[in-house]
> 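First the structure, which I've put down as structure tokens, then a few questions once you've had a look.
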Amino acid sequence: MDADTNDSAGLRLAQDPEADELLSRSRLAALTGMLLDQQVPMEWAFKGPATIARRMGTDDLDAHEIAAQDPEAFAALLSEKPAVHRYPGSMAKRIQQLCQYLVEHYDGDAEGIWRDVDSGAELLRRLQELPGFGKQKAQIFLALLGKQLGVRPTGWRAAAGAYGEAAAFRSVADITGPESLAKVRAHKQEMKAAAKAARAARAARGDGG
């Protein structure tokens, strides 16, 4: 049996049953995991939502509840060992900003971002408006929505750019198990090596870097 077969079982981004179960049923959890996915291993980032929920004494994330948290208390919750992120204080602030935005614009419902959207370009625009979501992060999440969560407005692959390509193995959008995780990690390492080589070449030419 293919270890990476991804039928209707749900997301497998954290490689942890409890964390992946939450990611699969909570779109806010998936958004939060995507927000955390920087400067830490992918699995660590996507385990974060389940850790936050558990420490808040619940089995789900609620945008209204998180938005209303005392900032210092919420930062402390993320900082408990093991920390949710390498930079738990700054990420706690970003998560609260994301939830506050969702409360203000979508009544706290993450699915409201795409429920009535009719084009990939519009969905990308909405994702880029989220606090902490630049173009790359927005495109990766758009690709995840299309490839694994059934959210496929017209032109979604084009809007997601290279991340929307089938079997691209460029991002979390392509992770469905251990094998694809290894392929995505290898791709990221190749990109880092290429960037490092390019910087070295520029430095050798005296172009700066």
> Checking side chain to side chain contact (heavy atoms under 4.5 Å, CB included) for the pair Cys99/Leu28: CA distance, chi angles, key distance, verdict?
CA-CA 9 Å; Cys99 289; Leu28 176 56; 4.2 Å; yes
> Are the side chain of His85 and the backbone N or O of Val40 linked by a donor-acceptor pair below 3.5 Å?
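No.
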> Are Leu35 and Tyr87 connected into the same hydrophobic cluster when the rule is that any two of I, L, V, M, F, W, Y join if their side-chain heavy atoms are below 4.5 Å apart?
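Tyr87 and Leu35: separate clusters.
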> Once you round to the nearest 0.5 Å, how far does CG of Leu98 lie from NZ of Lys93?
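Reported value, rounded in 0.5 Å steps: 14.5 Å.
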> Hey, does Thr51 have a side-chain heavy atom less than 4.5 Å from the side chain of Leu78?
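With C-beta onward as the side chain, the pair stays apart.
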> For the residue pair Met91 and Val84, establish whether any side-chain heavy-atom pair is separated by less than 4.5 Å.
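No; the side chains remain at least 4.5 Å from each other.
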> Can you check whether Arg94 reaches Gln38 side chain to side chain, under 4.5 Å on heavy atoms?
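A side-chain contact exists here, since the closest heavy-atom pair is under 4.5 Å.
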> Do Asp59 and Leu22 have side chains that get closer than 4.5 Å, going by heavy atoms?
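Sidechains of Leu22 and Asp59: no contact.
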> Going only through I, L, V, M, F, W and Y residues with side-chain contacts under 4.5 Å, is there a path from Leu11 to Phe169?
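Result: yes, single cluster for both.
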> Work out which heavy atom in Asp60 is nearest to a heavy atom in Ala53; give both atom names and the distance.
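Asp60 and Ala53 have their closest heavy atoms at O-CB, 3.7 Å.
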> What is the minimum heavy-atom distance between Ala19 and Ala14, and which atoms define it?
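For Ala19 and Ala14, the tightest heavy-atom pair comes out as CB-CB, 3.7 Å.
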> Establish whether Trp114 and Tyr101 are linked, either directly or via other cluster members, by ILVMFWY side-chain heavy-atom contacts under 4.5 Å.
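Same cluster.
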> Is a side-chain donor or acceptor of Ser79 paired with a backbone partner of Ala75 at a separation under 3.5 angstrom?
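Such a contact is found between Ser79 side chain and Ala75 backbone.
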> Does Glu111 offer a backbone N or O that forms a donor-acceptor pair with the side chain of Arg27 under 3.5 Å?
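Not confirmed, Arg27 side chain does not pair with Glu111 backbone.
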> Could you check whether atom CD of Gln136 has more than 12 heavy atoms from other residues, nucleotides or ligands sitting under 6.0 Å from it?
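Count not over threshold, so no.
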> Do Gln96 side-chain atoms and Gln69 backbone N/O form a donor-acceptor pair below 3.5 Å?
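Yes, the answer is positive, given that a donor and an acceptor are paired below the 3.5 Å cut-off.
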> Checking Arg157 side chain against Gly164 main chain: does a donor-acceptor pair fall under 3.5 Å?
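A pair under 3.5 Å: yes.
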> Quick one: pull up NZ in Lys147 and CD1 in Ile175 and give me the separation to the nearest 0.5 Å.
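Taking NZ in Lys147 and CD1 in Ile175, the distance rounds to 11.0 Å.
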> With a 3.5 Å distance limit and no angle check, can you tell me whether Lys137 reaches the backbone of Met34 through a side-chain donor-acceptor pair?
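Such a contact is found between Lys137 side chain and Met34 backbone.
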> With rounding to the nearest 0.5 angstrom, report the CD to CD distance, Gln128 to Gln139.
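Between atom CD of Gln128 and atom CD of Gln139 there are 7.0 Å.
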> Evaluate the side-chain proximity of Ile113 to Tyr106: yes if any heavy-atom separation is below 4.5 Å, no if none is.
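Yes. Closest side-chain heavy atoms under 4.5 Å.
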> Considering non-hydrogen atoms only, spot the tightest contact between Ala138 and Leu127 and give its length.
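Heavy atoms of Ala138 and Leu127 come nearest at O-CD1, 3.5 Å.
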> Taking Arg55 for its side chain and Glu80 for its backbone only, find out whether a donor-acceptor pair lies under 3.5 Å.
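Yes: the side chain of Arg55 pairs with the backbone of Glu80.
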> Nearest 0.5 Å, what's the NZ-CZ distance between Lys196 and Arg199?
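Lys196 NZ to Arg199 CZ: 8.0 Å, rounded to 0.5 Å.
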> Report the distance from atom CG of Leu13 to atom OG of Ser24, rounding to the nearest 0.5 Å.
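Here the interatomic distance stands at 7.5 Å.
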> Test side chain to side chain contact (heavy atoms under 4.5 Å, CB included) on Glu104 and Gln100; report intermediate values, then the result.
CA-CA 6 Å; Glu104 180 179 353; Gln100 288 160 358; over 6 Å; no
> Does Trp44 belong to the same Ile/Leu/Val/Met/Phe/Trp/Tyr cluster as Leu77, with side-chain heavy atoms less than 4.5 Å apart forming each link?
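Per the 4.5 Å side-chain linkage, Trp44 and Leu77 are not co-clustered.
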> If we ignore hydrogens and angles and just use 3.5 Å, is the side chain of Ser119 paired with the main-chain N or O of Thr154 as donor and acceptor?
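Judged by distance alone, no pair lies under 3.5 Å.
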> For Asp116 and Gly112, which heavy atoms make the closest approach, and how far apart are they?
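So the two residues come closest at OD1-O, 4.1 Å.
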> Could you walk me through whether Glu122 and Arg125 pass the salt bridge (charged side-chain N to carboxylate O under 4.0 Å, His left out) check?
CA-CA 5 Å; Glu122 172 64 12; Arg125 183 189 69 78; 2.6 Å; yes
> Ile66 and Val103: same hydrophobic cluster, using ILVMFWY side-chain contacts below 4.5 Å?
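No; tracing contacts between hydrophobic side chains, which count when under 4.5 Å, never links both residues.
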> When you measure from the side chain of Asp62 to the backbone of His64, do you find a donor-acceptor pair of N or O atoms at a distance under 3.5 Å?
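The answer is yes, because a donor-acceptor pair under 3.5 Å joins these two groups.
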> To the closest 0.5 Å, what do you measure between CG (Leu123) and CG (Leu142)?
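Separation between the atoms: 4.5 Å.
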> Hey, are the side chains of Asp174 and Gln148 touching, using non-hydrogen atoms and a 4.5 Å cut-off?
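Asp174 does not reach Gln148 side chain to side chain.
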> I would like to know whether Arg185 and Met42 meet side chain to side chain contact (heavy atoms under 4.5 Å, CB included); could you show each step before the answer?
CA-CA 9 Å; Arg185 179 158 287 129; Met42 292 173 281; 4.0 Å; yes
> Do the non-hydrogen side-chain atoms of Leu181 and Glu43 ever get within less than 4.5 Å of each other?
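Yes - at least one pair of side-chain heavy atoms lies under 4.5 Å apart.
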> So Glu179 and Lys183, salt bridge (charged side-chain N to carboxylate O under 4.0 Å, His left out) or not? Walk me through it.
CA-CA 6 Å; Glu179 294 174 12; Lys183 291 180 181 179; 5.9 Å; no
> Using the rule given for side chain to side chain contact (heavy atoms under 4.5 Å, CB included), can you reason through Phe74 versus Ile95, listing the C-alpha separation, both sets of side-chain angles and the distance that settles it, and then say yes or no?
CA-CA 10 Å; Phe74 191 63; Ile95 292 170; 4.0 Å; yes
> Give a yes or no on whether the backbone of Asp16 and the side-chain of Asp20 come within a donor-acceptor separation of less than 3.5 Å.
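Yes, Asp20 side chain to Asp16 backbone: donor-acceptor pair under 3.5 Å.
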> Any heavy-atom pair between the side chains of Asp37 and Ile140 that's under 4.5 Å?
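No, every pair of side-chain atoms sits at 4.5 Å or beyond.
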